[in-house]
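Report on the structure given below.
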Amino acid sequence: MSKKLFIETLGCAMNVRDSEHMIAELNQKESYEITENLEDADLIIINTCSVREKPVAKLFSEIGVFNKHKKPSAKIGVTGCTASHLGDEIIKRAPSVDFVLGARNVSKITEVVHKKHAVEVSTDFDESTYAFGEYRSNPYKAMVNISIGCDKSCTFCIVPATRGEEISIPSDLIVQEITKAVASGAKEVMLLGQNVNNYGRRFGSSEESCDFTQLLQKISKIEGLERIRFTSPHPLHMDDAFIQEFASNPKICKQIHVPLQSGSTSLLKAMKRGYTKENFLNRCEKIRTLCPEATISTDIIVGFPGESDADFEDTMDVLEKVRFEQMFSFKYSPRPHTEAAEFDNQIDSDVAGERLTRLQARHTEILDEIMDAQLGTVHQVYFDELKPNGRVSGRSDDGKLFFVQGSEELLGKIVDVKVTKTSRGALDGVLV
Ligand code: 5AD
Ligand code: SF4
């Protein structure tokens, strides 16, 4: 009988992909099958995120809950970014944890699973040529790492400490991997990296020279691949050639994440982001001019140390000017191993909270206007999931979530859909 694996994934798309990688390794080498039931599991993995403080605090209470409900023989492993930054402290605080595996070490999962209290968290492990795990949580879409780690030093961010230095994966391996995914039914690929458009800056051992724009050109030649998405790019590396390629290449989906973090040039400097408010607005304007159909999403942090009312107004001003279709906004959370955590001008939590509420309320108004304007428009939707009550969901080229009445025949197809009803998070439509 096969063994059962219960895996919980927190955090970003990189983590989702790391979970897929571990699922594939454990299935191929150890015959584990996934279960949704904690009580049935022989192995429980919590794939953690440490970008903000809250999920880290939750980890230990969660381990307690899992201990209560799991089979006595079931093992517990903590993997991902919190595993990287806390290391063996996790086992000291929670001795019931069997192993700790860092975000850069996921391909070692079948080794650590057999060792009691193994801790593998090195951040200089070169995974750039790793075999991509052969498991996809959605058969119609593939996620493919193009780089690992991060070379930036944003002063708020723990990721360089948890995922190590940036290494690009050779382009022929990426093309091979996507070609394989297409042959097994994926028409869409999501290229993943902490900093995708810094691609090509450093390869593990290969001598190649290929930047992100050239990589996009190579990938778009793959026959049968219809849609290319990527996350996350950095505004600093959005040169004209890249925006031109984004706008003119029909296979590249017209949805782009441009993480702002703050609208204030002086805060951007304190964050070490490498661009000003004006640079950022200029890049967004270029995208809107060359590609008016594109949707732009962003990440914003409020309450970064030293943020004055005027700094915050700059952030509100950028929101007003760019009108992001999607905005992920967070209250600043001081993190270990980061410069900003040591700054002596931390902001009062209530002030940050009020600013966050104001920012989100204004964005909600903008979003309502954007979504209402979709009524009656037609989008090409790639259907990839069956939903309850005879509905099927998919995404438009520009990333909007759609629901239509339909059955499995629609899955894996790209079909024109007319919007009949709008809401903040999704659109209902009919096939045309
Ligand atoms: N506090 C709050 N938000 C953060 N992010 C990264 N680090 C922090 C932090 N210390 C946000 C950034 C990033 C997103 C993934 O998480 O906006 O783009
Ligand atoms: Fe979280 Fe960042 Fe790690 Fe992703 S890379 S899991 S967002 S800390």
Side-chain angles (χ1 to χ4, degrees), residues 7-22 45-59 78-86 101-106 121 123 127 143 145 147-166 192-196 231-236 257-263 267-268 270-275 280 297-305 307 315 318-319 324 326-343 346-347 349 352-353 355-356 359-360 363:
I7 185 162
E8 180 186 47
T9 307
L10 307 164
C12 64
M14 299 286 278
N15 253 24
V16 175
R17 179 59 196 151
D18 288 344
S19 286
E20 289 188 345
H21 194 156
M22 290 189 281
I45 293 179
I46 313 173
N47 195 12
T48 58
C49 171
S50 54
V51 77
R52 279 169 295 277
E53 198 175 1
K54 244 193 208 153
V56 179
K58 246 182 65 187
L59 172 67
V78 176
T79 65
C81 287
T82 306
S84 304
H85 101 260
L86 290 182
L101 186 66
R104 188 123 173 169
N105 313 84
V106 285
V121 293
T123 48
E127 290 214 65
M143 288 193 271
N145 287 87
S147 59
I148 55 171
C150 179
D151 271 355
K152 296 269 178 267
S153 44
C154 303
T155 54
F156 52 80
C157 189
I158 195 172
V159 176
T162 64
R163 289 190 179 265
E165 73 173 12
E166 195 172 306
L192 294 179
Q194 231 55 57
N195 225 328
V196 279
T231 196
S232 292
H234 193 293
L236 188 62
H257 191 62
V258 194
L260 170 66
Q261 310 304 359
S262 168
L267 275 201
L268 287 168
M271 290 175 166
K272 295 202 177 151
R273 291 289 291 169
Y275 53 87
F280 183 93
S297 58
T298 202
D299 287 344
I300 292 175
I301 297 176
V302 298
F304 183 81
E307 186 184 66
T315 299
V318 175
L319 170 61
F324 303 102
Q326 240 188 324
M327 180 187 85
F328 304 93
S329 51
F330 316 98
K331 202 154 118 174
Y332 169 71
S333 166
R335 310 301 298 122
H337 313 295
T338 63
E339 277 184 61
E342 310 297 324
F343 292 175
Q346 305 288 325
I347 297 294
S349 172
R355 288 178 184 161
L356 186 63
L359 180 74
Q360 291 177 339
H363 181 254

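Position 1 is the first residue of the sequence, and the numbers go up from there. All ligand and atom numbering here is 1-based and tracks the order in the structure.
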**Request:** Might you work through the side-chain contact (heavy atoms from CB on, under 4.5 Å) test for Arg273 and His234, ending with a clear yes or no?
**Result:** CA-CA 9 Å; Arg273 291 289 291 169; His234 193 293; 3.5 Å; yes

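Between the side chain of Gln346 and the backbone N or O of Ala340, at least one donor-acceptor pair lies under 3.5 Å. Judged purely by atom type and a 3.5 angstrom limit, Lys331 has no side-chain atom pairing as donor or acceptor with the backbone of Leu356. Of the possible donor and acceptor atoms, one in the side chain of Tyr275 sits under 3.5 Å from a partner among the backbone N and O of Leu260.
With waters left out, the protein N, O or S atoms under 2.8 Å from atom 3 (Fe) of ligand 2 add up to 1.
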Would you tabulate the polar-atom pairs, meaning N/O of ligand 1 against N/O of the protein, with distances under 3.5 Å, reported to 0.1 Å?
from: ligand 1; atom 1: 1 (N); to: Ser333; atom 2: N; distance (Å): 2.9
from: ligand 1; atom 1: 3 (N); to: Arg52; atom 2: NH1; distance (Å): 3.4
from: ligand 1; atom 1: 10 (N); to: Phe156; atom 2: O; distance (Å): 3.0
from: ligand 1; atom 1: 10 (N); to: Ser333; atom 2: O; distance (Å): 2.7
from: ligand 1; atom 1: 16 (O); to: Arg52; atom 2: NH1; distance (Å): 3.0
from: ligand 1; atom 1: 17 (O); to: Gln261; atom 2: OE1; distance (Å): 2.7
from: ligand 1; atom 1: 18 (O); to: Gln261; atom 2: NE2; distance (Å): 2.9
from: ligand 1; atom 1: 18 (O); to: Asp299; atom 2: OD2; distance (Å): 2.6

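Shown here is Glu53, whose CD atom has no more than 12 heavy atoms of other residues, nucleotides or ligands within 6.0 Å.
Expressed to the nearest 0.5 Å, how far SG of Cys150 lies from CD of Glu166 amounts to 6.0 Å. Note that NE2 of His363 is 9.0 Å distant from CZ of Phe328, once rounded to the nearest 0.5 Å.
Using modelled atom types and a 3.5 Å distance limit, the side chains of Lys54 and Ser333 yield no donor-acceptor pair.
Val51 and Ile158 get closest at one heavy-atom pair: CA-CG2, 4.0 Å.
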